[in-house]
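Data block below; observations after.
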There are 2 protein chains.
Amino acid sequence: MTAVVPSARAAGATCCGLATSPVTAEDAERLARMFKALGDPVRLRMAAMIAAQPELCVCEITPAFDLSSGTISHHLKTLRDAGLVDSERRGTYVYYWIQPEALGTLSALLAVH
Amino acid sequence: MTAVVPSARAAGATCCGLATSPVTAEDAERLARMFKALGDPVRLRMAAMIAAQPELCVCEITPAFDLSSGTISHHLKTLRDAGLVDSERRGTYVYYWIQPEALGTLSALLAVH
DNA sequence: CGTCTATCTTGACAGATATCGAATCAATGC
DNA sequence: GCATTGATTCGATATCTGTCAAGATAGACG
């Protein structure tokens, strides 16, 4: 509770996509699920790793964390269920990649304008 | 697990700020807390309401939800602790406003480029 | 000061979540 | 077919979270 008055507030301006998008109760459910998926440090780092490559094998994600393979799978499923990534098995390995549209939706929602 | 190959993947390109930002374990903690704060439908709608106004009285937020005032306070505190909003008491009422820089940080992180 | 109103805090609790280890499933290769 | 390796699913558990009801605070105003 600082006493500082942010510029956007002083200017009387609204700040971002959030302000103008129709965030109905249903929209909120779907969007909140995406934000929630990014709302865990492990999943956020996973998403960052995946976003940095065209696609990434689970076998490369697993050793980057000090977690059981079951837990890794669980987190990846959460990201996939939220629509932030998609995956495909190719032979022995499973590959994950980012869904840029989903990230773009969230980015636009938060973008200051 | 669709068989569709997203364009960004086919192009072999990375997709967003997430891909290039140094998301260390500490960064991830702080950023994940912000995403987590938006990861609840009630809080996301609250943030949207607040973002749509220069500032907003709790007395206007409360009646928009079918929740006890205690729960409303709890959610607002979560948003404030994450750095997404700030607040100030002015006489009888408490006003909340958005912290645009925080939203901007998250937006940039997800922005496709 | 006492009371009323708005907001926040506390205590309790049901339901969700992160995690592990074990079991299962999918491909590969012998 | 069987054993091996990579990944997911399942069962159990400890912790976290959203919620309410009740109590505590902060101002406003007689």
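Labels below follow one simple rule: chain letters A, B, ... track the order of the sequence lines, proteins then strands, and each chain is numbered from 1. What's counted below: heavy atoms across the whole structure, side chains too, no hydrogens, waters or symmetry copies.
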Out of [options], which has the shortest distance to the side chain of [X]?
X: B:Val42; options: D:dT19, C:dA27, C:dC8; answer: D:dT19
X: A:Leu67; options: D:dA26, D:dG6, C:dC20; answer: C:dC20
X: A:Arg43; options: C:dT7, D:dA28, C:dA18; answer: C:dA18
X: A:Thr92; options: D:dG6, C:dT9, D:dT8; answer: D:dG6
X: B:Val94; options: C:dT19, D:dT8, C:dC8; answer: C:dC8
X: B:Ser69; options: D:dT8, C:dC20, C:dT7; answer: C:dT7
X: A:Val58; options: C:dT7, D:dT19, D:dA7; answer: D:dA7

From [atom1] of [X] over to [atom2] of [N], roughly how many Å is that when rounded to an integer?
X: A:Asp66; N: C:dT19; atom1: CG; atom2: P; value: 11 Å
X: A:Asp40; N: C:dA16; atom1: CG; atom2: P; value: 18 Å
X: A:Glu29; N: C:dA16; atom1: CD; atom2: P; value: 12 Å
X: A:Tyr95; N: D:dA7; atom1: OH; atom2: P; value: 8 Å
X: B:Arg89; N: D:dA24; atom1: CZ; atom2: C1'; value: 12 Å
X: B:Tyr93; N: D:dA28; atom1: OH; atom2: P; value: 11 Å
X: A:Asp81; N: D:dT9; atom1: CG; atom2: C1'; value: 13 Å
X: B:His74; N: C:dG11; atom1: NE2; atom2: P; value: 15 Å

Would you say [X]'s side chain and [Y]'s backbone share a donor-acceptor pair under 3.5 angstrom?
X: A:Arg89; Y: A:Gly91; value: yes
X: B:Arg33; Y: B:Gly83; value: no
X: B:Ser107; Y: B:Leu103; value: no

So, is [X] close to the [N] phosphate, meaning a side-chain N or O under 4.0 Å from OP1 or OP2?
X: B:His75; N: D:dT19; result: yes
X: A:Tyr96; N: D:dT8; result: yes
X: A:Ser68; N: C:dC20; result: yes
X: B:Lys77; N: C:dT7; result: no
X: A:Lys36; N: D:dT17; result: no

- Task: Starting from the 5' end of DNA chain C, give me the residue, A:Gly39 or A:Gly91, whose nearest nucleotide shows up first.
- Result: A:Gly39

- Start at the 5' end of DNA chain C and walk down; is the nucleotide closest to B:Thr62 or to A:Gly70 reached first? B:Thr62

- Message: Would B:Arg80 and B:Tyr96 count as a cation-pi pair here, with the cationic atom under 6.0 angstrom from the ring centre and within 45° of the axis?
- Response: no

- Task: Any chance you could measure A:Leu18, atom CG, to B:Leu44, atom CG, to the nearest 0.5 Å?
- Result: 6.0 Å

- Task: Specify the closest pair of heavy atoms between A:Ala64 and A:Arg45, including all atoms of both residues, with the distance to one decimal.
- Result: O-NH2, 3.8 Å

